[in-house]
Amino acid sequence: MTAGPTLRQTAWHEAGHAVVAWDQGFTVTLVSIGPEGDSLGRSQHTPMGDCAIPSERQRENIVAMAGWAAELQSGEAGDATYDSSDLTWVLNRLHQHAPSRIEIELGWAESEAERIVSANLDRIERLAHELMSREELVSSAEILDIIEGRPPA
């Protein structure tokens, strides 16, 4: 039996999605490491990109790949992500493309996610730390303050 991810790994995963969504110009509306259904956590942002538009699909793909990229930076991740739902989300939006196009889009999104995560490790760590103590953040203003390193009001 394989052990599940640690709380820290889950927090870094979700914080990675949130910080990269912020970097891509989205407003992060929720970040949670509370289990819900089959999910160990979730990050939500607005507006959702229209994946029929290539540039919007690219932004969403980068955000989807960011959880895995942040996990790798957490110091606890193995060679593969534990969260297959992120990859499934991306593949469902690429199903109409040729397999070589899917590889190109996924590879590019993964590289961009890794680059953005590496450039924002302090933000991800700060948000992950807050998630480990509180489990869920539902105020977009508070999430933004944490990401940007502003002290609480």
Side-chain angles (χ1 to χ4, degrees), residues 1-51 55-94 105-153:
M1 182 175 185
T2 306
T6 66
L7 184 65
R8 183 172 184 273
Q9 190 176 2
T10 301
W12 270 73
H13 183 101
E14 298 308 331
H17 286 305
V19 170
V20 173
W22 164 82
D23 178 85
Q24 292 296 297
F26 294 114
T27 299
V28 181
T29 58
L30 177 136
V31 188
S32 174
I33 56 171
E36 184 176 288
D38 290 340
S39 176
L40 298 174
R42 62 202 174 284
S43 175
Q44 297 173 351
H45 63 269
T46 60
M48 288 297 293
D50 180 350
C51 290
S55 61
E56 289 299 302
R57 184 175 61 245
Q58 289 172 349
R59 289 171 65 204
E60 291 288 357
N61 289 348
I62 294 166
V63 172
M65 299 304 285
W68 176 80
E71 265 185 68
L72 289 177
Q73 293 291 330
S74 76
E76 294 188 29
D79 292 336
T81 181
Y82 67 86
D83 191 348
S84 63
S85 64
D86 293 335
L87 187 56
T88 301
W89 187 91
V90 171
L91 291 174
N92 284 340
R93 277 141 189 88
L94 294 175
E105 285 203 32
L106 281 180
W108 184 83
E110 181 181 353
S111 293
E112 279 298 292
E114 289 172 350
R115 182 188 64 75
I116 295 165
V117 163
S118 291
N120 289 285
L121 288 176
D122 58 332
R123 290 180 168 102
I124 293 169
E125 186 171 23
R126 191 168 43 246
L127 186 56
H129 183 270
E130 195 65 31
L131 283 169
M132 287 188 293
S133 67
R134 295 182 42 200
E135 189 175 287
E136 184 171 88
L137 300 166
V138 296
S139 162
S140 58
E142 182 180 23
I143 294 166
L144 181 61
D145 285 346
I146 294 166
I147 290 171
E148 293 187 348
R150 291 191 290 261

*Asks:* Contact between Phe26 and Val20 at the side-chain level, heavy atoms closer than 4.5 Å - yes or no?
*Replies:* no
*Asks:* Might you work through the side-chain contact (heavy atoms from CB on, under 4.5 Å) test for His13 and Ile33, ending with a clear yes or no?
*Replies:* CA-CA 9 Å; His13 183 101; Ile33 56 171; over 6 Å; no
*Asks:* How long is the span from the OG1 atom in Thr27 to the CG atom in Leu144, to the nearest 0.5 Å?
*Replies:*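 If we round to the nearest 0.5 Å, Thr27:OG1 and Leu144:CG are 8.0 Å apart.
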*Asks:* Return the set of residues passing salt bridge (Lys or Arg N to Asp or Glu O under 4.0 Å) with Glu114 (not counting sequence neighbours), or none when no residue passes.
*Replies:*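 Once residues adjacent in sequence are excluded, Glu114 has no partner under the salt bridge (Lys or Arg N to Asp or Glu O under 4.0 Å) criterion.
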*Asks:* Taking side chain as C-beta onward, heavy atoms only, is Glu36 less than 4.5 Å from Glu136?
*Replies:* no
*Asks:* Return yes if a side-chain donor-acceptor contact under 3.5 Å exists between Trp68 and Glu110, otherwise no.
*Replies:* no
*Asks:* Ion pair present between Glu60 and Arg57, side-chain N to carboxylate O less than 4.0 angstrom?
*Replies:* no
*Asks:* If I take atom CD1 from residue Ile62 and atom CG from residue Asp23, how far apart are they, to the nearest 0.5 angstrom?
*Replies:*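 Between Ile62 CD1 and Asp23 CG, I get 8.5 Å after rounding to 0.5 Å.
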*Asks:* Taking only residues two or more places apart in sequence, or in another chain, which ones meet Glu125 in a salt bridge (Lys or Arg N to Asp or Glu O under 4.0 Å)?
*Replies:*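 None.
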*Asks:* I'd like to check Val19 versus Val117 (side-chain heavy atoms, cut-off strictly below 4.5 Å). Are they in contact?
*Replies:* no
*Asks:* How far apart are the C-alpha atoms of Ile146 and Val31, what are their side-chain angles, what is the distance that settles it, and do they pass the side-chain contact (heavy atoms from CB on, under 4.5 Å) test?
*Replies:* CA-CA 12 Å; Ile146 294 166; Val31 188; over 6 Å; no
*Asks:* Kindly determine whether Ile116 and Trp22 satisfy side-chain contact (heavy atoms from CB on, under 4.5 Å), including the steps that lead there.
*Replies:* CA-CA 11 Å; Ile116 295 165; Trp22 164 82; over 6 Å; no
*Asks:* Restricting to non-hydrogen atoms, name the atom on Gly16 and the atom on Ala66 that form the minimum distance, rounded to 0.1 Å.
*Replies:*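 Closest approach of Gly16 to Ala66: O-CB, 3.5 Å.
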*Asks:* Specify the closest pair of heavy atoms between Ala11 and Met132, including all atoms of both residues, with the distance to one decimal.
*Replies:*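 Minimum heavy-atom separation between Ala11 and Met132: CB-CG, 3.7 Å.
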*Asks:* Does Glu112 pair with Arg59 as a salt bridge, N-O distance under 4.0 Å?
*Replies:*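 Arg59 and Glu112: not salt-bridged.
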*Asks:* Could you give the distance from CG (Asn61) to CD (Glu56), rounded to the nearest 0.5 Å?
*Replies:* 11.0 Å
*Asks:* Can you find a heavy atom in the side chain of Ile124 that is under 4.5 Å from one in the side chain of Gln73?
*Replies:* no
*Asks:* Passes side-chain contact (heavy atoms from CB on, under 4.5 Å), Val63 versus His45? Steps please.
*Replies:* CA-CA 10 Å; Val63 172; His45 63 269; 4.0 Å; yes
*Asks:* Rounded to the nearest 0.5 Å, what separates atom CD in Glu142 from atom CZ in Arg150?
*Replies:*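 So the CD of Glu142 and the CZ of Arg150 are separated by 11.5 Å.
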*Asks:* Partners of Arg126 by salt bridge (Lys or Arg N to Asp or Glu O under 4.0 Å), sequence neighbours excluded?
*Replies:* none
*Asks:* Keeping the roles fixed (side chain from Glu14, backbone from Ser43), state whether a donor-acceptor pair exists under 3.5 Å.
*Replies:* yes
*Asks:* Is Arg42 reaching over with its side chain to a backbone N or O of Gly34, donor-acceptor style, under 3.5 angstrom?
*Replies:* yes
*Asks:* Work out which heavy atom in Ile147 is nearest to a heavy atom in Arg123; give both atom names and the distance.
*Replies:* O-CG, 2.9 Å
*Asks:* So, for Ala128 and Ala15, which heavy atoms are closest and what is the spacing to 0.1 Å?
*Replies:* N-CB, 3.8 Å
